[in-house]
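The shown structure was predicted, so the numbers you read here are calculated from the model rather than taken from an experiment.
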Amino acid sequence: ERRLGHALGGDGLLHPLGAYLLHRGLTTLPVRMRAQQESARRIVQWLIDRPEVAEVFYPGLDDDPEGILVRQMRGTGAMIAMRMQGGYAAASAVTASTSLFTHAVSLGGVDSLIQHPAALTHRPVPAEARPDADVLRLSIGLENVDDLIADLAQSFAALSRVGTPVASMPAERLASS
């Protein structure tokens, strides 16, 4: 209760401009989420065939044998995690060489973001509790999906220019929905 009051400005009331912006944003939320989810699905399809990527984590992949996704969600979301071949160096190089993805941790907005937890948010976390060093997280925004894929492609191409090792990995497929 105290936290909500603080978030609303200390007195539990949202100022008029904030209320207007919240209302305006909520009216377009379903349309934005559908667009972001479709873009995320296309990016996942592209990522799973890339030799630079060891593994992709996304709710729409064929790893939901219990059907929890269908029972609990209306979509697959716009968050993607992936493990890079080449470990920390590869994940760090990809993060540094994207131009459309913003390197930030405020995931879930309308802008596409990339985060390398081992190099940013989880540095002070004890080693046994932090994500693996090769993990990247993407939050897919509303930019053109072909531009986002091209940005990832050029950042993956940069891996070979800096000598980061990349091995082939068998591709997984998206669940049909």
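Atoms CD1 and CG, on I149 and L100 in that order, are 11.5 Å from each other to the nearest 0.5 Å. Here I80 contributes atom CD1 and L136 contributes atom CG; the two are 11.0 Å apart, rounded to the nearest 0.5 Å. For the atom pair OG1 (T98) and CG (D151), the distance works out to 5.5 Å, reported to the nearest 0.5 Å. To the nearest 0.5 Å, the span separating CG on L142 from CD1 on I140 amounts to 10.5 Å. Between L113 atom CG and R137 atom CZ the span is 13.0 Å, to the nearest 0.5 Å. Atoms CE and CG, from M82 and L152 in turn, are 5.5 Å apart once rounded to the nearest 0.5 Å.
Checking side-chain atoms of Q154 against main-chain N and O of S97 turns up a donor-acceptor pair under 3.5 Å. Under a 3.5 Å cut-off, the side chain of E143 and the backbone N or O of S112 do form a donor-acceptor pair. The main-chain N or O of R24 is found under 3.5 Å from a side-chain atom of T27 such that the two form a donor-acceptor pair. A distance-only check finds a donor-acceptor pair linking the side chain of N144 to the backbone of D146 [under 3.5 Å]. Formation of a donor-acceptor pair under 3.5 Å by the S39 side chain with backbone atoms of Q36 is not found in this model.
Between H103 and Q115 the shortest heavy-atom distance is CD2-CA, 4.2 Å. Nearest heavy atom pair, residue G109 against residue S139, reads N-OG, 4.3 Å. Listed here is the closest heavy atom pair of H116 and V135: CD2-O, 3.3 Å. Nearest approach of L26 to P30, heavy atoms of both residues: O-CD, 3.8 Å. The nearest pair of heavy atoms linking M84 to A90 is CB-CB, 4.1 Å.
No continuous path of ILVMFWY side-chain contacts below 4.5 Å connects L21 to V31, so the two sit in separate hydrophobic clusters. The hydrophobic cluster containing L17 does not contain L22, counting ILVMFWY residues as joined when their side-chain heavy atoms lie under 4.5 angstrom apart, directly or transitively.
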Point to revise | Candidate pair Y58 and I43, rule side chain to side chain contact (heavy atoms under 4.5 Å, CB included), full reasoning | key: CA-CA 11 Å; Y58 184 69; I43 290 170; over 6 Å; no
Exercise for review: Test L148 against W46 for side chain to side chain contact (heavy atoms under 4.5 Å, CB included), laying out the working first.
Suggested key: CA-CA 11 Å; L148 293 173; W46 180 80; over 6 Å; no
Practice item. Please report the C-alpha distance between V44 and T76 in whole Å, then the side-chain angles of each, then the deciding distance to 0.1 Å, and finally whether the side chain to side chain contact (heavy atoms under 4.5 Å, CB included) criterion is met. Key: CA-CA 11 Å; V44 166; T76 52; over 6 Å; no
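Counting only N and O atoms by type, the side chains of R41 and Q37 include no donor and acceptor under 3.5 Å apart.
Side-chain contact check for F57 versus M79: every heavy-atom pair is 4.5 Å or farther apart.
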